Each structure stands twice: as C-alpha cells, then as structure tokens.
Amino acid sequence: LADALAERCLKTEDALDVGCGSGQLSVLLADRFDKVTATDPSETQLENATVHPCVSYLSEPAEQIGLPDALVDLITAAQAAHWFDLDAFYREVRRVARPGALLALVSYGVPTMEGKLGERLAKFYWRDIHVHWPEGRKQVEEGYRTLPFPFEDQVMPALTITREWSLGQLIAYVCTWSAAKRALAAGDAAVVDDFVRDLAPFWERPDQPQTIRWPIVGRVARVDA
C-alpha cells in the first residue's frame, strides 16, 4: 500500500498520516518519503507508537492539523476516517495539500477464511455479533463507498492483507474487536464463547496455521483547490 501510494505522488517529500494510532502506516511511509508527520488525538496511542527517525508524532485531531499551508504531497487516514468530522477534515486537507497532492482514506475490510472456518467466521461477524458494532463500522463494511468524498475518485490499488494464524491468534484478534468488548460489557459473553467453542472442531490442531484475509478498501483522489 505504501509503495502504491508513493508511486502516484508527484513528489515524495512530505506525507501526513492522520489518525495514525501506533504508527503502523506512518513508518512504512517513512521509508518512501523524506518526512512523515503522524497525528492522533490519543496520547496513549502515541506513547506506544513505533519510533522512526523520519516520523514526527503530534497529538492533535484530524480537524485541526498543525501544519502550514500547501506543504504535503500525501495525506493518509488508515482505519480512521469514519470517525472524523469530514467537512472540517476536508477543509484542512485542502489547506495543507500541495497542488496535485494525493489523499487516501483506507481501511481493511471484513476478514474471510476458506471452508467451514470461513462459514463460521462469517456467521459470527454478520449475524451473531453484528449488533454490537458501533455505527461507524458500516462505512468500513461498505469500503467507504458511501463516505462523503468531494474529490474525483481514482482506482484503489487491489491489495489484500494475508496472515497465517493459529487458533489462539485468531481468538486473540477477535477479542480485540470493539464489538466483542461491547458484547462483554452488555452481558453477552456467550456470543464470543460460542464462536470460540465452534471453531475447535474445524481446526485439526490448534497450532496449525490457517489463512485469513482482509481486503484493503477505501478512496483515493487528487486534492483539488
């Protein structure tokens, strides 16, 4: 993803990663841009961010970017744009972007697996626990296609995240979902427990890796004046 975005930029001097979290995308961009400014309103996220000599981390909201006008060649928001006040964010994007800069709002979509594991994962996501997802999750599920986006779309690069995980790794990942945490808080722990119980028969050995995939989705465009 970092390569695909950098290749589309007119220059690779300055990038801005908004809602950077722990800097997962920021540090990848730093290998392709001279300087990356990575921002997030959460001090806790930034305290755990990956250190890189070309990345400067700043605590600030997406709607109030502290950079000067017409500075950056690329603005990214990874797994974050559906939480922004988009009108205010887009005003800031137009302000800090150089002429012809690239804007990329990206996310990873709903995970999939093959066979019986995939069927049970899909049932868990779309039926069992779906009621516990916050409203903004719908934008991710739709690949940001209904997200307000006042720019002329370019084609998103066709990319997929692929991992080989054990049963324990998949369970640990699911337990990080905000939907899983909300289910537990609502007294609906059984929905997660039932999913974990049902997975075991489909896994020949708990330590045997199985393939899980997430499509990378989003919107990419040149920033107009």
Side-chain angles (χ1 to χ4, degrees), residues 1-42 45-46 49-109 139-140 142-162 214-225:
L1 176 62
D3 284 338
L5 296 177
E7 288 167 2
R8 295 189 188 190
C9 289
L10 303 180
K11 295 182 178 180
T12 55
E13 295 176 7
D14 287 88
L16 169 64
D17 186 23
V18 183
C20 67
S22 61
Q24 290 177 322
L25 179 58
S26 313
V27 296
L28 296 177
L29 294 174
D31 292 333
R32 295 150 179 90
F33 288 79
D34 297 338
K35 180 181 178 182
V36 177
T37 302
T39 70
D40 199 285
S42 170
Q45 289 278 10
L46 296 180
T50 303
V51 176
H52 191 288
C54 295
V55 179
S56 299
Y57 291 102
L58 299 174
S59 177
E60 62 184 28
E63 300 82 6
Q64 296 177 3
I65 297 170
L67 294 179
D69 298 354
L71 175 71
V72 297
D73 307 299
L74 171 69
I75 303 102
T76 60
Q79 204 74 4
H82 48 289
W83 305 119
F84 296 170
D85 175 340
L86 288 171
D87 288 340
F89 171 63
Y90 290 146
R91 284 195 296 271
E92 287 291 83
V93 165
R94 287 189 168 100
R95 183 183 65 78
V96 301
R98 283 180 177 166
L102 198 70
L103 170 65
L105 310 182
V106 297
S107 179
Y108 53 87
Q139 295 285 0
V140 174
E142 295 175 345
Y144 284 174
R145 299 317 305 171
T146 59
L147 196 77
F149 195 70
F151 306 97
E152 185 175 347
D153 278 284
Q154 294 188 3
V155 177
M156 270 288 295
L159 298 168
T160 302
I161 299 169
T162 303
W214 299 259
I216 294 179
V217 297
R219 312 287 290 275
V220 178
R222 297 276 173 209
V223 179
D224 50 17

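Residues take their numbers from the sequence shown, with the count starting at 1. Because the structure is a prediction, the values reported are computed rather than measured.
In this structure, the separation between CD1 on I65 and CD1 on I75 is 7.5 Å, given to the nearest 0.5 Å. Distance CD/E92 to CG/D85: 11.0 Å, rounded to 0.5 Å. A distance of 12.0 Å separates NE2 in H82 from OG1 in T146, rounded to the nearest 0.5 Å. For the atom pair CG (L29) and SG (C54), the distance works out to 11.5 Å, reported to the nearest 0.5 Å. Summarising the geometry, atom CG belonging to L102 is positioned 15.0 Å from atom NZ belonging to K11; distances are rounded to the nearest 0.5 Å. Distance check, rounded to the nearest 0.5 Å: OH of Y144 to OG of S107 gives 4.5 Å.
Listed here is the closest heavy atom pair of T12 and A6: CG2-O, 3.8 Å. The shortest heavy-atom contact between C9 and L74 is SG-CB, 3.8 Å. Nearest heavy-atom pair across L46 and C20 is CD2-SG, 3.7 Å. Of all the heavy atoms in D224 and P150, the pair that sits closest is OD2-O, 3.9 Å. Nearest heavy-atom pair across A38 and V55 is CB-CG1, 3.9 Å. Contact detail for L86 and A81: the closest heavy-atom pair is CD2-O, 3.7 Å.
Under the side-chain hydrogen bond (donor to acceptor under 3.5 Å, both in side chains) criterion, the residue pairs touching residues 62-78 are D17-T76, D69-R95, D73-R98, with sequence neighbours excluded.
Taking 4.5 Å as the limit, every side-chain heavy atom of E7 sits out of range of all side-chain heavy atoms of P157. Side chains of S26 and H52 form no contact here, defined as non-hydrogen atoms less than 4.5 Å apart. Using a 4.5 Å heavy-atom cutoff, the side chains of D153 and R145 are in contact. L1 has its side chain out of reach of L28: every pair of non-hydrogen atoms, C-beta onward, lies at least 4.5 Å apart. Looking at heavy atoms from C-beta onward, E152 lies out of side-chain contact with R222 at the 4.5 angstrom threshold.
T50 and Q24 share no side-chain donor-acceptor pair at under 3.5 Å. Neither side chain, S22 nor Q45, offers a donor N or O lying under 3.5 Å from an acceptor on the other.
Distance alone, capped at 3.5 Å, is enough to place a donor-acceptor pair between the Q79 side chain and the Y108 backbone.
Checking each of D14, L71, L16 against V96 for a side chain to side chain contact (heavy atoms under 4.5 Å, CB included) leaves exactly one that passes, namely L16.
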Inset, instruction - Report the C-alpha distance between F84 and L105 in whole Å, list the side-chain angles of each, state the deciding distance to 0.1 Å, and finish with yes or no for side-chain contact (heavy atoms from CB on, under 4.5 Å). - result: CA-CA 11 Å; F84 296 170; L105 310 182; 5.5 Å; no
Inset, instruction - Check step by step if side-chain contact (heavy atoms from CB on, under 4.5 Å) holds for D3 and R32. - result: CA-CA 7 Å; D3 284 338; R32 295 150 179 90; 2.4 Å; yes
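Ring geometry for Y90 versus F151: interplanar angle over 60°, hence perpendicular rather than tilted (30 to 60°).
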